[in-house]
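Proteins come first, then strands; the chains are lettered A, B, ... in the order of their sequence lines, and each starts at number 1. Note that these values count all heavy atoms, side chains included, but never hydrogens, waters or copies made by symmetry. Quick caveat, the model's predicted, so the values are computed rather than measured.
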Amino acid sequence: MSKLIINIAGHDFEVEVNKSPDTDGFTTVSVNGETLRVAIAPEAAPTAIEWAIVGERSYEVLFDRDMRSIQSVHGHHELRIRDLEAGVARPRSGDGRVKAPIPGIIANVLIEMEQTVSAGQPILVLEAMKMQNEITAPRAGTITTLNARRGQTVTLHELLVEIS
Amino acid sequence: MSKLIINIAGHDFEVEVNKSPDTDGFTTVSVNGETLRVAIAPEAAPTAIEWAIVGERSYEVLFDRDMRSIQSVHGHHELRIRDLEAGVARPRSGDGRVKAPIPGIIANVLIEMEQTVSAGQPILVLEAMKMQNEITAPRAGTITTLNARRGQTVTLHELLVEIS
Amino acid sequence: MFQKVLIANRGEIAVRIVRACRDLGLATVAVYEPSDMGALHVRLADEAYILNSPQGYRDPEEMLAVALRSGVDAIHPGYGLISEDPSFKRACEEAGITIVGPTSEVSTQVRDKVGAIQRVQAAGMPTTRPSTRTFGPDEGADLLAEAQRLGYPLVIKSCAGGHGRGTALVHNPEKLLDIARRSSAQAQAAYRDGRIYLEAAIIPSRYIEVPILGDHHGNIIHLGDHDGSIQRNTRKIISEAPAPNLSPSQREAIWTSAIAVARLFGLRGACTIEFVLDGAGNHFFSEVKPRIQVEHLVTEMITHIDVVREQLHIAAGLPLRLDQTQVHLDGHAIFCRINAEDPWRNYLPSPGLISAFRLPGGPSVRVDTYAYAGAEVPVRYDSLLAKLVVWGAERDECLQRAQRALQEMHISGIQTNLSLLQLLITHPEFTSGSYTTAFSHLKLNNPTPPPSQLRDLAAIAALTYLNRTRAAQSTTPTAYTTGWHRDSRRLPQ
Amino acid sequence: MFQKVLIANRGEIAVRIVRACRDLGLATVAVYEPSDMGALHVRLADEAYILNSPQGYRDPEEMLAVALRSGVDAIHPGYGLISEDPSFKRACEEAGITIVGPTSEVSTQVRDKVGAIQRVQAAGMPTTRPSTRTFGPDEGADLLAEAQRLGYPLVIKSCAGGHGRGTALVHNPEKLLDIARRSSAQAQAAYRDGRIYLEAAIIPSRYIEVPILGDHHGNIIHLGDHDGSIQRNTRKIISEAPAPNLSPSQREAIWTSAIAVARLFGLRGACTIEFVLDGAGNHFFSEVKPRIQVEHLVTEMITHIDVVREQLHIAAGLPLRLDQTQVHLDGHAIFCRINAEDPWRNYLPSPGLISAFRLPGGPSVRVDTYAYAGAEVPVRYDSLLAKLVVWGAERDECLQRAQRALQEMHISGIQTNLSLLQLLITHPEFTSGSYTTAFSHLKLNNPTPPPSQLRDLAAIAALTYLNRTRAAQSTTPTAYTTGWHRDSRRLPQ
């Protein structure tokens with residue numbers, strides 16, 4: 001038995017999962033105390049297109065890499081998963097490191113070392129795929145690392161800025 | 001340097017390959033003494049659709065699992081590859097074991113133990129995907145193993161018959 | 001119009017029906033056998049019910065139970081499976097659920113192929129000459145006597161199913177019983193019905209098919225014609241619309257016959273009237289298909305009519321939205337049936353995981369399929385994998401585009417008949433449009449490309465071989481290390 | 001007709017041109033930068049030449065050298081890259097190689113957007129009101145003075161490219177220079193040309209586009225119209241044909257203007273005449289696109305004309321095969337541009353390996369793309385991944401089908417704007433057809449599904465999470481083990 005809190009589009013659901021599927025492939029899941037029979041695609045291979053059947057309702061779903069969003073024909077929703085067995089919850093947003101989200105060229109540096117920034121403030125412009133992409137501060141703080149200069153080519157996940 | 005004999009659609013080609021591709025990704029290959037520059041898809045991942053560029057000619061190719069056929073827009077051709085470094089050539093056709101090529105049900109058994117069969121003679125009928133599929137003897141000989149009876153369900157590659 | 005439709009089928013046709021319902025804003029209910037749980041028709045439907053009885057898709061009672069449980073107001077049966085089962089239709093009618101297609105009564109009448117021919121004959125129209133009755137697999141003596149009466153050559157046909165599995169030409173009495181047994185077994189495997197009948201053979205012959213639409217208000221229109229003469233391994237794999245090499249008056253005569261047959265039987269919904277054409281160009285009624293055709297795409301391309309949408313409209317009791325003068329037959333279309341099978345190994349079915357899958361694109365190209373990269377071709381069902389149709393303003397343009405689309409389409413992981421289709425559509429007998437059913441038995445030679453191309457392919461094969469053996473050093477199959485890799489492969493006739 | 005055609009482009013448009021050539025039986029020559037070696041346009045062409053200069057696809061000299069070396073008799077430049085470069089066209093003309101599209105002279109004239117507007121104005125037709133000249137990024141004072149003369153609100157436009165990157169609305173002088181600098185930088189990134197000009201804003205406005213075909217014999221026809229008002233992140237992502245909510249007389253007037261503009265410039269081949277429509281329904285000439293449009297599929301669906309095929313016919317000197325009365329505008333089409341980008345993260349481009357890819361099918365649905373499962377979305381190029389177009393006899397049918405096709409389409413491994421497109425085409429302002437360019441800036445709320453659906457999705461997410469963490473026990477990303485997984489995502493406006 002696993003217990004999770006699933007937050008979809010701002011709504012909390014308490015989910016309990018009985019881990020062994022029956023012979024038809026359905027697993028019994030309780031959501032906010034309501035019992036559902038749920039079948040999902042047997043393997044989460046990267047090439048698989050994920051599907052699920054809940055009772056007699058059919059779904060195709062698309063999670064992003066970190067399961068922070070769920071997409072279906074019903075729309076694109078933010079997703080937060082809290083595994084009650086994995087201990088204390090820690091928000092991920094505390095991280096002040098800014099890494100290159102895609103490879104590209106630094107088109108503009110909008111901040112300086114030691115500068116104070118607010119969350120959401122544009123700090124860099126990264127040119128990639130013929131677009132100028134603004135990179136914003138993930139949190140408020142002071143710039144303590146600045147590894148980006150105009151015209152510089154950066155690789156995926158390269159550390160560009162740190163905000164403390 | 002590797003040396004191979006490639007037989008396509010009954011035509012022999014002696015191929016020598018210089019193993020290191022140049023910076024553009026082209027490898028120098030000699031075919032019957034003629035020098036060609038060849039680039040092929042970097043990895044043969046099962047999900048990849050294989051392509052090649054020979055000089056300035058572009059190809060998409062499809063090999064079957066054992067590289068015994070090659071398909072392109074120019075047609076479907078039998079292929080035999082002889083690797084001169086892999087020692088003496090041994091024809092594969094000597095094998096008299098008949099395995100289930102696909103899962104299915106034995107719809108009919110057309111031979112008996114100890115019976116003499118000729119190459120190409122129908123020996124079994126396997127029903128699968130709503131079709132009756134005739135299985136023929138891969139070589140002439142005597143039936144020495146018979147593991148198939150009418151109505152039996154067989155799995156992929158299950159040994160059904162042996163001809164000695 | 002309906003609110004919610006149950007799709008009593010699987011595979012690409014179930015997907016096709018889900019699409020038509022969605023395009024009309026109707027909710028869809030899919031059914032699935034356990035082995036089809038992740039199939040596309042299940043994924044795309046709004047609701048999905050598992051079928052637990054051993055008969056699965058072929059169980060009329062469980063199907064009706066799902067219909068009642070899910071609260072649908074209509075059932076679309078597709079083709080095959082229980083689509084032509086009059087008892088299922090009757091049960092639906094009695095339960096007050098609309099079943100898309102002709103009534104159970106009409107289905108019973110046209111299902112009796114011999115009876116249907118006799119009725120058309122009685123109405124004064126030309127028909128093929130069938131045996132007076134049908135035969136089980138063990139009625140050898142009676143069959144021989146009836147064959148004698150009809151005269152040779154003759155054609156054995158299955159009572160169930162179409163022109164396909166079970167159909168065989170017999171030239172003399174010596175071979176009749178052997179071929180009949182084989183036909184019966186094929187029909188049994190394909191349609192779960194081993195009964196057969198005989199028909200005087202017409203040689204050379206062509207199969208000309210006329211799709212019609214009939215509503216509940218007495219309106220019947222035809223949607224042109226197509227040629228379904230080309231089969232391989234007992235399956236129609238290429239159709240083209242309009243049928244080539246027919247004069248306007250021949251075509252008009254066939255259409256008129258088709259409408260007359262449709263009126264005679266009171267056909268409703270989308271049906272197809274099938275004719276055999278003899279060498280002199282005379283047409284003979286052969287049978288009625290009281291359901292959507294596999295190759296209906298070829299009709300949709302030349303009429304711009306969504307036939308499944310029209311089926312739903314008609315079933316809902318709405319009058320036809322077009323009269324005959326509003327049906328514009330525009331250009332030319334070629335349909336190819338892509339099967340998961342290996343034509344170079346006696347059409348051995350090829351189930352398994354599709355590792356790569358790329359569809360052709362561009363203008364006037366359409367592919368209907370349940371498959372995609374990463375999908376599984378199941379072992380249990382028919383080998384029909386995808387349906388390709390292309391359109392062109394002229395036949396030549398259409399031929400060129402069909403060739404291009406087949407070249408572009410790529411499927412690996414399993415074997416398909418794509419290379420066979422390429423051979424067929426570039427064959428002079430096909431490109432000239434002069435083919436008959438005899439083309440189905442023509443031995444095809446794989447043309448050898450010019451030496452420079454073979455040389456290039458040899459270089460590619462060598463480099464690929466070296467890459468693969470290097471990559472998989474430890475897991476090299478024995479076949480790779482024994483020196484020669486070969487297999488004798490010829491295209492069976 | 002030509003024997004062999006060089007395609008001086010990449011991506012889906014290069015693939016589209018290969019298809020058109022194949023459909024005509026012409027040999028094709030592709031070019032590729034080293035990073036595009038395995039790209040689809042290279043695979044599908046008969047020949048492929050590597051471009052070694054650092055400018056690659058944008059190097060007119062190397063392109064011409066390949067054309068001469070490969071012995072082609074025509075070049076199709078597609079759109080973007082060097083397709084509108086008069087110097088490349090002139091070099092081809094001088095080398096005796098036909099370049100598909102208008103002459104270098106005409107290209108020079110229409111490339112000067114301000115000059116083109118002035119010429120149309122001089123011919124007595126209504127036009128937008130542009131600045132008298134163009135500006136570089138550092139001409140702030142002059143720009144302010146010119147803006148004062150034109151009056152606010154006004155639109156900054158890039159000299160190169162289309163309505164897209166660089167276009168920005170300015171309401172007052174305080175913001176002009178900041179916005180102009182940004183526009184210029186965007187245009188520089190997208191088109192390698194940072195020059196801009198100003199235009200008096202028309203609010204509310206719609207962009208109405210009229211594709212035309214002109215041959216070398218003085219014949220010019222139009223192919224209806226479409227609405228290109230809807231942009232997101234400076235790109236037209238939805239087009240529909242015909243443009244909704246136009247009266248027959250408005251439409252007729254716009255078509256007449258388009259033909260007149262085409263005659264004025266002596267346009268040949270496939271070009272598009274763009275107009276701005278004001279709130280009162282008056283139209284104003286805005287610019288000429290002297291090349292195939294990204295969204296030409298929308299025209300092909302309502303006319304059944306293969307526009308690229310016609311381009312080749314015209315370039316070969318053949319007269320138009322249709323006159324205006326033979327162009328039947330049939331039904332309705334909606335076009336969606338599918339980009340490799342994350343609309344939920346400020347449209348961040350999303351290169352990478354496409355792990356799953358499934359196209360929609362069924363009648364009247366078409367997707368043109370260079371992508372397939374296992375293909376790579378390259379880092380270096382535009383985010384345009386696929387083009388979806390659907391057709392319906394009526395606008396409502398078309399809308400329903402567009403929604404269905406977007407739901408069916410599945411791409412994973414990279415981020416795409418599919419869910420954004422779904423939001424847009426189901427938005428009341430879009431479905432009513434009453435939208436203007438203001439719709440491009442509308443903040444969209446992701447509607448919350450009913451609680452029972454959220455509950456189901458929660459159950460699915462939980463089970464998937466458990467499966468994934470179980471499967472990848474050792475390689476679990478830290479994010480999975482810290483308890484909360486979250487990210488604040490809002491759709492930028």
At a heavy-atom separation under 4.5 Å, does [X] approach chain B through its side chain, its backbone, both, or neither?
X       : result
Q453(C) : both
P450(C) : neither
S350(C) : backbone
R404(C) : neither
R192(C) : neither
I411(C) : backbone

| field | Y59(B) versus D456(C), side-chain donor and acceptor atoms under 3.5 Å | value |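 Present: a donor and an acceptor within the cut-off.
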
| request: For each of P103(B), A9(B), G75(B), tally heavy-atom pairs with chain C at distances under 4.5 Å, and name the one with the top tally. | output: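 Option with the greatest count: P103(B).
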
| field | Which of I135(B), V125(B), I102(B) touches chain C most, by non-hydrogen pairs under 4.5 Å | value |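 When all of I135(B), V125(B), I102(B) are compared, I102(B) has the most.
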
List the atom of [X], the atom of [Y], and the distance in Å for their closest heavy-atom pair.
X       : Y       : answer
A461(C) : F63(B)  : CA-CZ, 3.8 Å
A462(C) : L4(B)   : CB-CD1, 4.1 Å
P101(B) : R345(C) : CB-NH2, 4.2 Å
I49(B)  : A356(C) : CG1-CB, 3.7 Å
N133(B) : P349(C) : OD1-CD, 2.9 Å
A458(C) : I8(B)   : N-CD1, 3.5 Å

Of the backbone (N, CA, C, O) and the side chain (C-beta and beyond), which part of [X] lies under 4.5 Å from a heavy atom of chain C, both, or neither?
X      : value
E16(B) : neither
H11(B) : side chain
V29(B) : side chain

| When P351(C), P449(C), A459(C), A189(C) are compared by non-hydrogen pairs under 4.5 Å with chain B, the top option |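 Of P351(C), P449(C), A459(C), A189(C), A189(C) has the most heavy-atom pairs under 4.5 Å with chain B.
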
Are any non-hydrogen side-chain atoms of [X] and [Y] less than 4.5 angstrom apart?
X       : Y       : value
P343(C) : H76(B)  : no
V377(C) : M129(B) : yes
N233(C) : M131(B) : yes

First locate atom [atom1] of [X], then atom [atom2] of [Y], and finally report the distance between them rounded to the nearest 0.5 Å.
X       : Y       : atom1 : atom2 : result
I81(B)  : T469(C) : CD1   : OG1   : 9.0 Å
D64(B)  : D342(C) : CG    : CG    : 8.0 Å
Y465(C) : D83(B)  : OH    : CG    : 4.0 Å
Q71(B)  : S412(C) : CD    : OG    : 10.0 Å
L457(C) : R57(B)  : CG    : CZ    : 10.5 Å
R358(C) : E60(B)  : CZ    : CD    : 4.0 Å

| task | Identify the residue among V17(B), V15(B), L36(B) that makes a side-chain contact (heavy atoms from CB on, under 4.5 Å) with L463(C). | result |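 Answer after filtering V17(B), V15(B), L36(B): V17(B).
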
| request: Let me see the working for M67(B) and T464(C) under side-chain contact (heavy atoms from CB on, under 4.5 Å), right down to the final yes or no. | output: CA-CA 9 Å; M67(B) 292 194 74; T464(C) 305; 4.1 Å; yes

